[in-house]
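As the structure is a prediction and not an experimental result, all values here were calculated from the model.
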Amino acid sequence: MTAEQPKHPTAPDPSRPAAPPGAVATSSAIPAQPGPPSQEKAPPPPAASSAAGPTASAAPPAAGPAASAATPAAGPAAGSGATQTKVDLPKVDEAPQKTKKKHAEPLPSERPPGTPPDPWKAFATTSERPPGRLRRGTRRFFRSLIHEYALVTYAGILLAVALTWPTLRYPLHTLPQDVWDPSRQAWQIAWSGHILLTDPARLWQSNAFFPLTDTFAYGNSLLGYAPFGMIGDGPLAAILRYNILFVLAHALLAIGGYALVRQLGAGRTGAAVAAVAIAYAPWRLAQEGHLDIISAGGIPLALAMLARGHGWSLRRGLRPAARSAKWAAAGWLVATWQVSLGFSLGGPFLIVLGLILIVLFLGVPIRRLRRPAERPVLGWRLMLTDTLGPLFLAAVSGLIAIPYFRVPDTGPATTEITFFSPPLRSLLIGPAESRIWGAPHEVPRSSLGWPAEMGLLPGFVLYALALAGLAFSIWTLRQRLLLLAALAVTIVLTLGTNFYEGRWTYLPVFGHLPASLGLRIPGRLMIWATLLLAILAAGAVAEFVRRAEHLSEQRIPPWPGPWLRLATFVPLMLVLVEGWNATAHPVVPSQPTAMRTVSGPMLVLPTAALTDQTVMLWSTTRFQPMVNGSNGGFAATRQAELRRNVETFPDAASIEYLRSLNIDRVLLLRSQSAGTPWERAGDIPVDALNIRREDIDDAVLFHLR
């Protein structure tokens, strides 16, 4: 045995490939590396028996390429009796076997203690830290500043400032339309804020019309504006407050109209056209001196919130997954606030809400029976909201209405409703305050019995768009027919007794209510007709926008896109132009110095139906009790009797009459008495009348006791 031979002759060489089953081990040369076959012949193996000896099996493999092709010889030359064996060797052209790489152990993730920090750790990837509560709140706040309705609010306020100009040009000294009704309503807001801070139990016992009771219920109270009345005092603050609320009322109506039409399913352009048409309809320009009629923004806003809370849309139908009890609750609160401003608009609004509740509580069970597998339309939260919300609205409305039912009536309801009922042609006549239609409609307007309440043109552009919306709209044919039917009913009610004398329309609904609720002027229902016309018009505009965008997408390149998009704003511009106002803004007479010092009960001379409203504004510094007061037809008989009895003041008869009313002082304003029966009253001797006279700046004060 040589040194190269293994100790055990039969031990397998680990570097060799395993022989296939059934093969006999023989001496063979196995290549160490793959290579081309050798051209030399290997020497023939020695003759041997069938069993290979150790010498043959232990021959070392030849090195080099020549040995890689060595094969055993086979054939008769091997010798007689010799067994030829065939050994399967790997082909030289086969790839060598791949050895498996050993997996390296992972490096330790923690450094040993005391080792300096790894300088490369600063470049490692770290997980992002989630934002905190403050950052999330800040992001949400700034994101809300650019929300769709935030942008609508900005645009609504800017548009209101522009279209009511110059209301805010001299907000401390002028009032829109005239100085009479706006002065009284500025006094109302100031009184409600003052008395709720000092003595809430005397809310309805105002300082005017002394010594009558429930005098704050003489007309719409504007009670919802009381929080604004708590800021500031005096006539200047009252005038500024009124002008700001006047502008904000226009903005709120536009925002509410946009929200409602958008919730119903119209696009942004259609909703914008509808909002402007509702807020700046020409007929509303005649009501610029009545803040209680201008303040109608809570109507569409509450309807939009209620529709959003119930997941209902005119275009998409009822979607229970989109309902929200919070939005429904907000809708009932806004509706309550709207009713608190006055019943002239709040009364019809309550009727509409009642009809909606009837449809809701009758339609939900029917839908549940027809589609039992669907998700319930009203969840328990929404059902609770729809129960408590109307109850709260009814309770507040009832409490506010109590003093109105105690106010003496002004006359037969049928007579007043007939006087204020507009004819059908009034729907085509614009008011004098319209810059576009004021002068052209002067002649037809003069034929109306009461032009201030009968110029009911909602806009010819709105008429045209609504007419187009009957045939060309995103609303379905059924929805358009329902809107048309509601519009017809609203117009019939707006005509009052001019439609079959109102026996089956206006009189059964509103004829039995007291005049103090302000529901005897049918033309004020035009707000509902304008709302329905705007919804029809929004359907047409939205369909036009949809088709314009579709046409733009079909063209390559989309050349007409910007021009068609710009054309969609033409209806908006036309509606804006038609709502351009020519409202006067007269200067309010300055408050006399004596009105800031004299206490009551007192009478201020001169007194008249119009000038007494300015006197009410002047009293906002001290709110002293005074017999002066004027508000439409309320206490008109008593005030007329008062003015007749004091025409000869100062004399014994007039002094006795005033003492019977517990009047202690009479304040004569010299600057206002020119041309009145009291022009010389300040120069008449009073020594024999048992009264005392005192000169105060530009006034004369008579002490009766």
Side-chain angles (χ1 to χ4, degrees), residues 181 184-185 187-189 191-193 195-196 199-206 208-209 212-227 229 290-299 302-303 306 331-358 387-414 416-417 420 493 496 506-522 524-525 527-528 629 631-636:
D181 285 340
R184 173 180 53 82
Q185 293 181 331
W187 162 81
Q188 286 179 293
I189 300 172
W191 166 259
S192 60
I195 201 64
L196 288 178
D199 190 2
R202 293 185 56 246
L203 171 64
W204 301 102
Q205 318 304 326
S206 71
F209 299 97
L212 301 180
T213 59
D214 297 318
T215 53
F216 194 58
Y218 289 176
N220 294 316
S221 65
L222 295 172
L223 194 58
Y225 287 143
H290 303 131
L291 184 60
D292 52 337
I293 307 302
I294 293 298
S295 301
I299 294 176
L303 293 176
L306 290 174
W332 291 115
L333 290 176
V334 173
T336 305
W337 174 81
Q338 177 65 49
V339 174
S340 70
L341 295 177
F343 288 100
S344 293
L345 299 179
F349 187 36
L350 287 173
I351 295 176
V352 172
L353 291 176
L355 293 176
I356 292 175
L357 284 175
I358 292 174
T387 302
L388 298 180
L391 290 176
F392 178 75
L393 173 61
V396 174
S397 302
L399 289 175
I400 296 176
I402 290 175
Y404 285 89
F405 281 90
R406 295 199 298 251
V407 172
D409 214 336
T410 59
T414 304
E416 291 190 39
I417 294 174
F420 289 111
L493 290 173
Y506 198 88
L507 291 179
V509 180
F510 303 106
H512 60 283
L513 297 174
S516 56
L517 296 178
L519 295 170
R520 295 186 180 181
I521 304 178
R524 292 176 177 177
L525 291 179
I527 181 65
W528 295 97
N631 192 357
F634 303 103

Mind checking the OG-NE2 spacing from S295 to H290? Nearest 0.5 Å is all I need.
12.5 Å
Close side-chain approach of T410 to R520, heavy-atom, < 4.5 Å
yes
Side chains of S344 and N220: any donor to acceptor distance under 3.5 Å?
yes
Please report the interatomic distance CG(L519) to CG(L525), rounded to the nearest 0.5 Å.
8.5 Å
Any residue meeting ring pair (Phe, Tyr, Trp, His ring centres under 6.0 Å) with F349, in chain and number order, not counting sequence neighbours
none
Check: S397 side chain, A394 main-chain N or O, donor-acceptor pair, under 3.5 Å:
no
Gap between atom OG of S221 and atom CG of L341 - 0.5 Å precision:
8.0 Å
Does a side-chain heavy-atom distance below 4.5 Å link V339 with V396?
no
Taking the side chain as every heavy atom from C-beta outward, state whether L291 and L222 have any pair of such atoms under 4.5 Å apart.
yes
So W191 and W187, would you call those rings parallel, tilted or perpendicular, with 30° and 60° as cut-offs?
parallel
Sequence neighbours excluded, which residues qualify as ring pair (Phe, Tyr, Trp, His ring centres under 6.0 Å) partners of W204?
F216, Y404
Decide yes or no on side chain to side chain contact (heavy atoms under 4.5 Å, CB included) for L388 and W332, but give the supporting numbers first.
CA-CA 9 Å; L388 298 180; W332 291 115; over 6 Å; no
Do F634 and T215 make a side-chain contact, defined as non-hydrogen atoms from C-beta onward lying under 4.5 Å apart?
no
In this structure, CZ of R524 is separated from CG of D292 (nearest 0.5 Å) by 6.0 Å
Starting from the C-alpha separation in whole Å, work towards a yes-or-no answer on side chain to side chain contact (heavy atoms under 4.5 Å, CB included) for I527 and L345.
CA-CA 9 Å; I527 181 65; L345 299 179; 4.3 Å; yes
Spacing of OG1 belonging to T336 relative to CZ belonging to F392, to within rounding of 0.5 Å:
5.0 Å
In Å and rounded to the nearest 0.5 Å, what is the CG to CG distance from L196 to L223?
6.5 Å
Please identify each residue that fulfils side-chain contact (heavy atoms from CB on, under 4.5 Å) with A401, with sequence neighbours left out.
F343, F405
Taking the side chain as C-beta and beyond, is there a heavy-atom pair between I299 and W528 under 4.5 Å?
yes
